[in-house]
Protein chains: 2
Amino acid sequence: MELDERKKTILKLIIATYLETGEPVGSRTISKFNDLNLSSATIRNEMADLEELGYIVQPHTSAGRIPTDKGYRFYVDNLMEEKEEAEVEKSTLLERVDRMELLLKQVAKVLAYNTNYATLVTAPNYRKTVKFIQLSKVDEATLLAVIVIEGNLIKNQIIPIDTILDNEDVLKFNILLNTFLQGASLEDINLEMINAMKKQSGEYSIILDQIFQGIIEAVHEANELEIYTSGATNILKYPEIGDISKTSELLEKFEDKEELSHLLEETTGNKDDSHDIQVYIGEENTVSNMEDCSIVTATYKMPEGATGTIGILGPKRMDYKKVVSTLKNLTIELDDIFNKRKGVNDDG
Amino acid sequence: MELDERKKTILKLIIATYLETGEPVGSRTISKFNDLNLSSATIRNEMADLEELGYIVQPHTSAGRIPTDKGYRFYVDNLMEEKEEAEVEKSTLLERVDRMELLLKQVAKVLAYNTNYATLVTAPNYRKTVKFIQLSKVDEATLLAVIVIEGNLIKNQIIPIDTILDNEDVLKFNILLNTFLQGASLEDINLEMINAMKKQSGEYSIILDQIFQGIIEAVHEANELEIYTSGATNILKYPEIGDISKTSELLEKFEDKEELSHLLEETTGNKDDSHDIQVYIGEENTVSNMEDCSIVTATYKMPEGATGTIGILGPKRMDYKKVVSTLKNLTIELDDIFNKRKGVNDDG
DNA sequence: TATTAGCACTCAAATCTTTTGAGTGCTAAC
DNA sequence: GTTAGCACTCAAAAGATTTGAGTGCTAATA
């Protein structure tokens with residue numbers, strides 16, 4: 001059986017009403033919509049069909065209907081038209097920030113504030129290259145290495161050393177490091193490369209080993225997938241997600257970057273949706289404890305084709321319209337910022 | 001009426017039992033302790049006295065007794081002897097970290113993990129002086145200022161500039177900045193000082209203004225009271241703290257650094273306790289929504305007399321013994337680290 | 001005089017019972 | 001195909017009952 005127009009209308013009304021109220025929707029409620037002009041009995045018949053088709057379900061015999069995952073899916077794919085107005089207020093919220101890290105933190109925050117859901121943002125998976133390295137003497141026993149990576153990601157690393165270095169030594173090391181590492185991709189920087197570099201330069205000393213060790217650590221850190229989250233406590237606002245213990249587990253999961261990257265991996269696999277917005281409803285994602293949640297992710301693009309993800313985690317009964325349109329606006333804004341930034345760097 | 005020994009013993013047993021079970025404690029339970037050899041009737045009489053004195057209270061007529069704030073207070077001050085054993089496992093948990101920021105984050109984390117309460121740690125209020133400043137060219141339009149502060153607190157600041165600088169300029173600025181600012185206290189670095197410095201050096205340019213602006217911002221940031229927290233979700237584990245909405249408010253408060261610094265201010269005012277451990281029980285702290293919580297804070301010391309605070313936020317029914325002893329051990333360890341570090345810096 | 005056994009009493013919490021009402025499916029009429 | 005009507009269902013709310021841990025008081029005891 002295909003869904004005819006009337007069934008679609010009724011399904012849409014049921015889901016929209018349920019999204020608003022959170023209560024199972026009965027036939028009487030739907031029959032009251034003027035433009036429908038159908039009695040509750042007719043609605044009941046239609047509802048029985050919709051239930052048979054798996055779009056809605058009764059929590060118990062004498063209750064109204066609530067959407068199934070399949071119902072939500074159909075709603076998101078076919079029935080929901082997006083809100084377009086909300087654009088005005090949002091565009092002012094993102095301040096220009098020239099450090100990617102701070103920018104993405106802010107994105108997560110703004111989004112959580114706007115939607116009242118938990119949000120997560122990953123840095124783009126761009127090829128991270130070293131802009132430059134700066135080695136400085138902090139005191140007799142300590143060096144500081146600062147590594148600036150394309151996108152102004154900055155890593156500081158304290159390097160304890162055994163030997164006292166004079167400024168000339170430090171300068172020499174600086175030149176050595178930058179000669180070899182400037183422009184190098186972080187993935188390429190490993191022990192072998194550094195060994196090669198040592199050989200080629202003819203330099204060798206224990207100090208150099210210590211310094212390289214520090215650089216490797218910093219590079220390793222910089223190369224880790226960063227995930228920025230915000231609004232975790234919003235999860236508490238939606239009791240349907242579960243009892244305290246379930247919510248608590250979910251919250252802990254949300255604090256665990258490992259788990260989150262796992263989640264994002266899973267939810268950004270297939271890019272079949274328009275505008276790169278992905279909606280994962282209920283059990284469509286297989287992470288445990290999240291079967292009562294939906295996850296909406298959007299992909300933003302950097303000029304060189306690198307992409308990052310913005311995600312929203314909320315209850316299945318989520319305001320999909322708002323979330324999708326907010327995400328769209330935000331990715332557009334982000335694309336914009338990255339492209340403008342690129343422009344500044346190239347032209348100015 | 002004064003508390004005689006027997007009353008003290010009984011009060012102690014009541015509170016200790018309540019801390020374990022979380023259930024109101026009845027006379028029968030207490031009378032079963034062998035070394036007491038009293039009937040429940042006698043205990044009842046004593047309990048009636050203790051209630052009249054305000055140390056315990058009945059949640060309802062036919063229930064056992066639970067401690068009042070006054071009861072907890074007496075327990076903490078006079079009845080509780082501390083656990084001393086737990087030391088062994090803890091001392092290995094703190095890795096040596098040479099950046100204060102990372103160290104304090106780790107302290108918060110370790111403490112939360114050990115106690116299952118929410119924890120907060122403030123950086124010490126030491127006189128922050130500039131160790132050195134490093135200005136580097138990121139690209140044509142951008143400088144990076146790195147400020148290293150005593151205690152290896154590192155601040156990075158991106159400074160956009162209008163004019164192209166060559167390396168010589170940057171070097172010149174570096175020397176200028178370090179000549180004037182090395183060893184300066186952050187509080188002293190403000191616009192006036194910088195203006196004076198400009199005058200005295202005879203340097204003047206728009207670039208310098210932009211650089212100084214950036215430095216001032218970074219200094220300002222570095223000078224803010226940093227609070228590191230961990231284990232916020234532990235709050236969810238103690239249902240007695242309140243229903244979801246109350247817990248949620250508490251959690252949000254715990255994410256708000258402003259609020260937390262307010263809280264810490266309040267709870268570290270009077271230092272009358274031994275070993276600088278402060279216990280604030282229930283309504284003893286006046287922050288709203290925290291009347292069902294207790295806060296235990298400890299003060300750690302840096303060599304120059306600067307101090308910082310470690311705090312634990314948990315339910316009134318908290319394992320005070322464990323918390324106090326854990327905090328003591330941790331402050332000792334911290335004192336140790338700071339003193340050793342100082343040693344390294346001075347001697348090696 | 002302090003302690004205790006005994007007993008009637010209290011009251012929250014657990015359990016069971018009843019009522020309510022929103023909602024359904026089915027049928028017969030339109 | 002639509003709808004009015006009606007018997008039926010069942011979760012949730014409200015009410016009634018039972019249970020049991022705990023109390024305070026009194027009178028007997030050491």
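Every chain is numbered from 1, with letters handed out A, B, ... down the list of sequences.
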Atom [atom1] of [X] and atom [atom2] of [N]: how far apart are they, to the nearest Å?
| X | N | atom1 | atom2 | result |
| --- | --- | --- | --- | --- |
| Leu50(B) | dG24(D) | CG | C1' | 16 Å |
| Ile56(A) | dG23(C) | CD1 | C1' | 13 Å |
| Ile14(B) | dG22(D) | CD1 | C1' | 13 Å |
| Arg65(B) | dA21(D) | CZ | P | 17 Å |
| Gln58(B) | dC11(C) | CD | P | 10 Å |
| Ile43(B) | dA5(C) | CD1 | C1' | 15 Å |
| His60(A) | dG23(C) | NE2 | C1' | 9 Å |
| Asn37(B) | dT3(C) | CG | P | 12 Å |

Among dT4(C), dT3(C), dG24(D), the one nearest Ala48(B) by side-chain distance: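 Output: dG24(D).
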Listed nucleotide nearest any side-chain atom of Ala41(B), set dA5(C), dT2(D), dT3(C):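 Closest of the options to the side chain of Ala41(B): dA5(C).
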Heavy-atom closest pair, residues Arg65(A) and Ile14(A):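 What the structure gives for the nearest pair is O-CG2, 4.3 Å.
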Ser39(A) vs dT3(D): side-chain N/O to OP1/OP2 distance below 4.0 Å: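 So the side-chain polar atoms of Ser39(A) do come within 4.0 Å of the phosphate oxygens OP1 or OP2 of dT3(D), strictly under.
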Side-chain N or O of Arg44(A) closer than 4.0 Å to phosphate OP1/OP2 of dG5(D): no
N/O donor-acceptor pair, side chain Arg28(B) with base dG22(D), under 3.5 angstrom: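 It does not, because no donor-acceptor pair links the side chain of Arg28(B) to the base of dG22(D) below 3.5 Å.
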Donor-acceptor pair (no angle test) under 3.5 Å: Ser62(A) side chain, dT9(D) base: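 For Ser62(A), whose side chain was compared with the base of dT9(D), there is a donor-acceptor pair (under 3.5 Å).
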Touch class at under 4.0 angstrom, heavy-atom based, for Thr61(A) against every strand present: sugar-phosphate
Sugar-phosphate, base or nothing in reach of Ser27(A), heavy atoms under 4.0 Å: sugar-phosphate
Residues Ser39(B) and Thr42(B): side-chain donor-acceptor under 3.5 angstrom: yes
Polar contact flag, side-chain donor to acceptor under 3.5 angstrom, Lys8(B)-Asn78(B): no
Point-to-point distance, once rounded to the nearest 0.5 Å, from CG of Asp319(A) to OH of Tyr117(A): 5.5 Å
Salt-bridge contact Lys246(A)-Glu249(A) (side-chain N to carboxylate O under 4.0 Å):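 So Lys246(A) does not pair with Glu249(A) through a salt bridge.
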